[in-house]
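Order of the sequence lines fixes the chain letters, A, B, ..., with proteins taken first and strands second; residue numbering starts at 1 for each chain. All figures in this text were calculated on a predicted structure; none of them were measured in a lab. Reckoned from all heavy atoms, side chains included, excluding hydrogens, waters and symmetry mates.
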Number of protein chains: 2
Amino acid sequence: MNPIFHALFQKSRYLTNCLNEVLKQHHLYSSQWAILYCLHKNGSMTLTQIWKYLNVEAPSITRAITRLETLGWVERLDGEDKREKIVTLSAQAEERLPAIMDTILAFEEEMVGSLTTEEQQQFMMLLEKMKG
Amino acid sequence: MNPIFHALFQKSRYLTNCLNEVLKQHHLYSSQWAILYCLHKNGSMTLTQIWKYLNVEAPSITRAITRLETLGWVERLDGEDKREKIVTLSAQAEERLPAIMDTILAFEEEMVGSLTTEEQQQFMMLLEKMKG
DNA sequence: TCTATTTATTTAACTAGCTAAATAAATACT
DNA sequence: AGTATTTATTTAGCTAGTTAAATAAATAGA
């Protein structure tokens, strides 16, 4: 068994666990953060736009949005096309995002700061060179 | 948001999905394969040895072993220390392992074959250079 | 116009990780 | 010896991904 896969899976799991740990202070999980960041960057989006952007399946997003809605982070609005739901950040979310972003930046610096910019580019290049 | 994390998580998810896909022909999931491979390599192991080796929490292994046991891949035996359970591969599993290993080798070649040995080492080195 | 197909979302059920707490056996301490 | 602590496993319940199938609205075609 090629150790690359084991190492890659381990690191991925380890990093999401760490991310969840630092996000605890904001009462968020990493998958919830991914959606909030996506909405912050792109503005209001339909569910389909979100899952295509994050490259996960629709039901994962439906469930996460439902949770974020009950927690007051987002709102679901009917679209002009009655099939689609438009998701927007709540005022409360907009207010809290800067502090969360600070947390994330510190986390990233801690995790990946030991790599030079060239090494980071090298890493991305190698990742992309794997099939898929 | 540093794109390294997104890329890493995506690739990890993509590779496990691919692995699950090729393992379908053997009616196995990737996490089940990880345990079977571990037992093949190390011989009989206690649950604790397995979860420490695979670096996941104990309940994940308890559940996976229960499933593998009902499917006939492994057996749970009482240890001399009555607290521990010793897990062994079934005869059926031993019989089927070579074919599964062929599948896995082909999968690895497909996924990572486009990288030279140096690139693979480079990749591992960069992974390890990240904190953790 | 009516029907068939496509598209957006949701629901159900599965694997797979996690933490926290329960249980039972072994070990350590007085 | 008897109690307290540690260790191994399990159970319960959570996030988070997946596929398959249901529902409802929009679109395309006869």
Side-chain angles (χ1 to χ4, degrees), chain A residues 6 8-24 26-36 45-71 73-74 76-87, chain B residues 6 8-24 26-36 45-71 73-74 76-87:
Chain A
H6 195 239
L8 178 64
F9 297 151
Q10 293 281 340
K11 189 62 75 171
S12 172
R13 214 152 41 73
Y14 173 76
L15 288 171
T16 53
N17 289 345
C18 290
L19 188 47
N20 279 324
E21 193 56 41
V22 301
L23 282 173
K24 258 187 192 161
H26 303 287
H27 311 288
L28 276 176
Y29 287 95
S30 55
S31 66
Q32 298 173 328
W33 158 250
I35 292 172
L36 296 184
M45 297 171 86
T46 65
L47 275 161
T48 299
Q49 286 173 325
I50 296 174
W51 67 256
K52 287 193 172 161
Y53 182 86
L54 294 176
N55 197 29
V56 297
E57 299 303 321
S60 306
I61 299 301
T62 292
R63 186 174 45 195
I65 293 293
T66 302
R67 190 88 188 92
L68 285 171
E69 196 178 27
T70 69
L71 294 170
W73 291 96
V74 303
R76 244 198 206 91
L77 310 170
D78 285 341
E80 193 182 322
D81 180 332
K82 290 283 178 58
R83 289 171 304 180
E84 57 189 28
K85 300 287 171 62
I86 293 163
V87 184
Chain B
H6 194 238
L8 179 63
F9 296 151
Q10 292 280 342
K11 189 62 73 170
S12 173
R13 210 151 45 71
Y14 173 75
L15 287 171
T16 54
N17 288 346
C18 289
L19 188 47
N20 279 324
E21 193 56 40
V22 300
L23 282 173
K24 258 186 191 161
H26 303 287
H27 310 290
L28 276 176
Y29 287 96
S30 54
S31 65
Q32 298 173 329
W33 159 249
I35 292 172
L36 296 184
M45 298 171 87
T46 66
L47 274 161
T48 299
Q49 287 173 324
I50 296 174
W51 66 257
K52 286 191 172 161
Y53 181 88
L54 294 176
N55 197 29
V56 297
E57 299 303 320
S60 305
I61 299 301
T62 292
R63 185 174 45 194
I65 293 293
T66 302
R67 190 87 188 93
L68 284 171
E69 196 178 26
T70 68
L71 293 170
W73 291 96
V74 303
R76 244 198 207 89
L77 309 170
D78 285 340
E80 193 181 322
D81 180 333
K82 290 284 176 58
R83 291 171 302 180
E84 55 188 30
K85 299 287 171 61
I86 294 163
V87 185

*Asks:* Would you mind classifying the nucleic acid contact of A/Thr46 as base, sugar-phosphate or nothing, using non-hydrogen atoms under 4.0 angstrom?
*Replies:*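 Sugar-phosphate, no base atom in range.
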*Asks:* The criterion is ring-ring contact (aromatic ring centres under 6.0 Å, His included); which residues satisfy it with A/Trp33, sequence neighbours excluded?
*Replies:*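 ring-ring contact (aromatic ring centres under 6.0 Å, His included) check on A/Trp33 returns A/Tyr37.
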*Asks:* What integer distance in Å separates B/Leu23:CG from C/dC14:P?
*Replies:*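 Taking atom P of C/dC14 as the reference, CG of B/Leu23 is at 20 Å.
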*Asks:* Nearest whole Å is fine: how far is D/dA16 C1' from A/Ile65 CD1?
*Replies:*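 Nearest whole value for this atom pair: 14 Å.
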*Asks:* Rounded to the Å, how far apart are A/His27 NE2 and D/dT15 P?
*Replies:*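 Result: 15 Å.
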*Asks:* How many Å lie between CD on A/Glu84 and P on D/dA25, as a whole number?
*Replies:*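 After rounding, the gap between these two atoms is 13 Å.
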*Asks:* By nearest heavy atom, map A/Arg67 and A/Glu80 onto DNA chain D; which one lands nearer the 5' end?
*Replies:*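 The residue whose closest nucleotide sits nearer the 5' end is A/Arg67.
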*Asks:* Can you tell which of D/dA26, C/dT10, C/dA24 lies closest to the side chain of A/Lys82?
*Replies:*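 Nearest listed nucleotide: D/dA26.
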*Asks:* Can you name the salt bridge (Lys or Arg N to Asp or Glu O under 4.0 Å) partners of B/Arg13, sequence neighbours left out?
*Replies:*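 Here no residue qualifies.
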*Asks:* Given atom CG of B/Leu19 and atom P of C/dT15, what is their separation to the nearest angstrom?
*Replies:*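 Distance check: B/Leu19 CG to C/dT15 P gives 16 Å.
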*Asks:* How close or far is atom P of D/dT10 from atom CD1 of B/Ile50, stated in whole angstroms?
*Replies:*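 Going from CD1 in B/Ile50 over to P in D/dT10 covers 10 Å.
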*Asks:* Establish whether the base of D/dT9 is bridged to the side chain of B/Arg83 by a donor-acceptor pair shorter than 3.5 Å.
*Replies:*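 No such pair is found, so the answer is no.
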*Asks:* Would you mind listing every salt bridge (Lys or Arg N to Asp or Glu O under 4.0 Å) that reaches into residues 52-69 of chain B, with sequence neighbours excluded?
*Replies:*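 Sorted result for residues 52-69 of chain B: B/Glu69-B/Arg76.
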*Asks:* In chain order, what residues pass the side chain to side chain contact (heavy atoms under 4.5 Å, CB included) check against A/Thr16, with sequence neighbours excluded?
*Replies:*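 For A/Thr16 the side chain to side chain contact (heavy atoms under 4.5 Å, CB included) partners, ignoring immediate neighbours, are B/Phe9.
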*Asks:* To the nearest Å, how far apart are B/Ile35 CD1 and C/dT15 C1'?
*Replies:*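 Rounded to the whole Å, the gap is 12 Å.
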*Asks:* Who are the salt bridge (Lys or Arg N to Asp or Glu O under 4.0 Å) partners of A/Lys24, not counting sequence neighbours?
*Replies:*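 Result, salt bridge (Lys or Arg N to Asp or Glu O under 4.0 Å) vs A/Lys24: A/Glu21.
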*Asks:* In whole Å, I'd like the distance from the CG atom of B/Asp78 to the P atom of D/dT9.
*Replies:*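 Taking CG of B/Asp78 and P of D/dT9, I get 11 Å after rounding.
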*Asks:* Can you check each nucleotide of nucleotides 16-22 of chain C against protein heavy atoms at under 4.0 Å and return B for base, S for sugar-phosphate only, - for none, in 5' to 3' order?
*Replies:* BBBBB--
